[in-house]
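A short write-up of the structure that comes next.
We name chains A, B, ... by the order of the sequence lines, and we start the count at 1 in each one.
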Number of protein chains: 2
Amino acid sequence: MDFSIGELARRTKVKVPTIRYYEQIGLLLPPPRTEGQQRRYDKNAIARLAFIKHARELGFDIEAIRALLSLQDNPDQSCSVADRIAKARLAEVEERIVSLNALRAELRRMVEECASGRVAECRVIETLADSSHGHGRLAET
Amino acid sequence: MDFSIGELARRTKVKVPTIRYYEQIGLLLPPPRTEGQQRRYDKNAIARLAFIKHARELGFDIEAIRALLSLQDNPDQSCSVADRIAKARLAEVEERIVSLNALRAELRRMVEECASGRVAECRVIETLADSSHGHGRLAET
DNA sequence: CTTGAACCTCTAGTCACTATAGAGAATACG
DNA sequence: CGTATTCTCTATAGTGACTAGAGGTTCAAG
Ligand SMILES: [Zn+2]
Ligand SMILES: [Zn+2]
Ligand SMILES: [Zn+2]
Ligand SMILES: [Zn+2]
């Protein structure tokens with residue numbers, strides 16, 4: 001009925017050190033231990049960790065997830081906070097898509113216009129050297 | 001004709017500590033110093049830093065920029081390496097756009113379907129708790 | 001010559017993990 | 001029961017690309 005951290009890792013596809021990290025920063029409650037100090041989890045832990053994992057996949061940061069978890073733990077509250085967090089994340093994603101589309105356009109122009117010759121006439125290098133236009137902030141990845 | 005690090009920062013809109021950091025990791029050559037050990041730059045430094053800045057805005061990582069700079073310094077070579085780097089970045093951006101579009105769709109569904117009531121019936125929380133579907137890797141931002 | 005903004009180096013912190021080391025615990029097999 | 005293998009433990013350091021701060025020095029304007 002209860003199982004080790006490695007088993008939890010296998011079932012959730014979250015790595016063992018990551019699980020310990022989540023415990024350390026307070027996203028997961030410290031589970032009971034065996035006499036030899038090894039952690040033992042139950043299925044509630046699976047659900048909570050799956051929640052965290054899904055939230056991370058959607059790009060919520062740890063503080064947002066902390067807030068979302070504490071809402072989940074108090075189901076009688078208004079969900080307006082959760083909605084606000086999700087909307088904020090949506091706005092971030094949309095902004096990011098806009099800026100990545102601009103990057104894509106510029107990168108495409110660079111690679112398409114290059115005649116694959118010497119560096120001296122390479123469009124890639126030329127475009128980079130041309131600082132005459134502006135981007136918003138730095139591209140994150 | 002030559003100027004301080006603060007002036008270079010103002011002209012390129014790159015922060016002073018970032019300039020020193022670029023020098024430390026070898027993207028910028030150590031400039032001459034005054035008797036009191038303060039850095040003095042000329043307009044070549046502006047061009048090089050603008051190049052780096054533009055490349056960062058397009059999301060190239062430091063190692064890619066290092067390679068691109070060294071190509072720029074040797075203009076008689078073939079530019080195929082530069083083109084390969086740019087194409088790789090383009091591919092990353094395109095992949096990222098695809099995955100962000102998926103995130104956007106899911107986040108939109110979450111916020112649209114929420115009846116703005118109690119947490120117990122909040123679509124945002126429910127969706128996060130539902131681990132039945134998979135995402136690629138974690139969303140980077 | 002005085003003032004104060006700008007500069008210097010060095011260290012540590014950010015985020016969300018990931019990796020390693022060295023040691024102890026649990027399990028499978030003979 | 002012994003031992004080999006696998007697992008787990010803590011603690012620390014590293015990642016990328018900066019950013020912030022402490023504590024001290026230099027430069028340029030007035
Ligand atoms: Zn999902
Ligand atoms: Zn080219
Ligand atoms: Zn550009
Ligand atoms: Zn809701």
Thr18(B) vs dT19(D): side-chain N/O to OP1/OP2 distance below 4.0 Å: yes
Phosphate contact (dA25(C) OP1 or OP2) by Thr34(A) side-chain N/O below 4.0 Å: no
Sugar-phosphate only, base, or nothing, as touched by Ile25(B) at under 4.0 Å among non-hydrogen atoms: nothing
Donor-acceptor under 3.5 Å (Arg109(B) side chain, Arg123(B) main chain): no
Any Arg39(B) side-chain nitrogen or oxygen under 4.0 Å from OP1 or OP2 of dT9(C): yes
Value in whole Å for how far the P atom of dT10(D) lies from CD of Gln37(A): 8 Å
Candidates dC9(D), dT19(D), dA17(D) - which lies nearest the side chain of Pro17(B): dT19(D)
Rounded distance in Å - CG (Leu27(A)) to P (dC15(C)): 13 Å
Rounded distance in Å - CD (Gln24(B)) to C1' (dC8(C)): 14 Å
Along DNA chain D (nearest heavy atom to each residue), the more 5'-positioned of Arg10(A) and Phe60(B): Arg10(A)
Sugar-phosphate, base or nothing in reach of Arg20(B), heavy atoms under 4.0 Å: base
Minimum-distance nucleotide to Gln38(A) side chain [options: dA17(D), dG24(C), dC27(D)]: dG24(C)
dC17(C) OP1/OP2 closer than 4.0 Å to side-chain N/O of Lys15(A): no
Parallel, tilted or perpendicular, as decided by the 30° and 60° cut-offs, for the rings of His135(B) and His54(A): tilted
Under 4.0 angstrom between Ser4(B) side-chain N/O and dC7(C) OP1 or OP2: yes
SB check Arg89(A) Glu92(A) (cutoff 4.0 Å): yes
Length of the CD1-C1' vector between Ile65(B) and dG16(D), whole Å: 12 Å
Sugar-phosphate only, base, or nothing, as touched by Arg33(A) at under 4.0 Å among non-hydrogen atoms: sugar-phosphate
Salt bridge (Lys or Arg N to Asp or Glu O under 4.0 Å) between Lys87(A) and Glu112(B), intermediate numbers included: CA-CA 10 Å; Lys87(A) 275 176 192 151; Glu112(B) 275 166 17; over 6 Å; no
Atom-pair distance (CZ on Phe3(A); P on dA26(C)), nearest Å: 17 Å
OP1 or OP2 of dA17(D) under 4.0 Å from side-chain N/O of Tyr22(B): no
Integer-rounded Å distance: dC7(D) P and Ile19(A) CD1: 14 Å
Min side-chain heavy-atom separation Arg39(B)-Ser4(B) under 4.5 Å: no
Residue Arg40(B), side-chain atoms from C-beta onward, closest of dA28(D), dA17(D), dC17(C): dA28(D)
Earlier contact from the 5' end, DNA chain C, for Glu7(B) and Glu63(A): Glu7(B)
